[in-house]
Amino acid sequence: MKSELSNLIELQKTDTKLRQLKENIETATTRRAELQDEFEQHASSIREIQNRLAAAKETKADLERQIIEAKTSHERADRNLKTAQDQKQYEAAMREIDSLDRQISKFETEVLEQLEIIDEVNGVLEERKEEIANLESDWEKTLADFESSLATDRKEFDKMSKARDRVLSSLPERLAAVYDRLVSRSRDGIAVAEVINGACSACFMSLRKQIVVELRTTNEIITCESCTRILFVNSDEHQEATAS
Ligand SMILES: [Zn+2]
């Protein structure tokens, strides 16, 4: 009986692990897609910063071209002013010079604004230089780690499935059937529950003192009166409770 109970406990541990591995394997596609999304978002946030820099540089170059054009017009207006034949021509040249001065000054202010943006964005890019340089290789490593951990899970799953079959076939048929029924009936896949602090650790129902005593002193298979799971007491329960 004692070995049957320890086989049941082992079976439960194996099944709990198998359940976790199955979940990992079944959700792999979704989890991989989530990682991919995260990476895309990260990469796109960096592209956004780089685009901001390119846009500021382009705007600045455009403004500088406009300044050169305005200065050329200014020189022409200066010549017109000197060669003005009458008051009307003189005033027209003066007006144009005024207007071009205002334009040039406005463009120059705008160039300074763009320079500030360029400085700021360059600062951000400098701060994140390593992260940006390693973006691709970091992603490849993340993906490789993911695939390797998935491959390990698959191998472990196959290995433990075989171990499960071995333990199950070593149990009396009746007990194996009880176990299987309990496992498939419970949502958490727990058929064998440890007694912790006098309560069933699966349904948290406090057990009658007599049951706990029987569990400690006999090798009988005893089930929880509330959830019908097979109960066991861990002999190092006290140490484990203190350790955790
Ligand atoms: Zn219970």
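In listed order, ligands and their atoms are each counted from 1. All residue numbers in this chain count up from 1 along the given sequence.
Of the N and O atoms on the side chains of N134 and E130, not one donor lies less than 3.5 Å from an acceptor on the other residue. In this structure, a donor-acceptor pair under 3.5 Å is absent between the side chains of Q114 and E110.
The hydrophobic cluster containing Y90 also includes L81, M94, I97, under a criterion of side-chain heavy atoms closer than 4.5 Å among ILVMFWY residues, counted directly or through chains of members.
Side chains of E225 and R208 form a contact here, defined as non-hydrogen atoms less than 4.5 Å apart.
Ion pairing of D180 with R164 is present here, as a side-chain N (NZ or NE/NH1/NH2) and a carboxylate O approach within less than 4.0 Å. A salt bridge does not link K82 to D78: none of the charged side-chain nitrogens sits closer than 4.0 Å to a carboxylate oxygen.
Counting only protein atoms, the N, O or S atoms lying less than 2.8 Å from the Zn ion (ligand 1) are C200 SG, C203 SG, C224 SG, C227 SG, ordered by chain and residue number.
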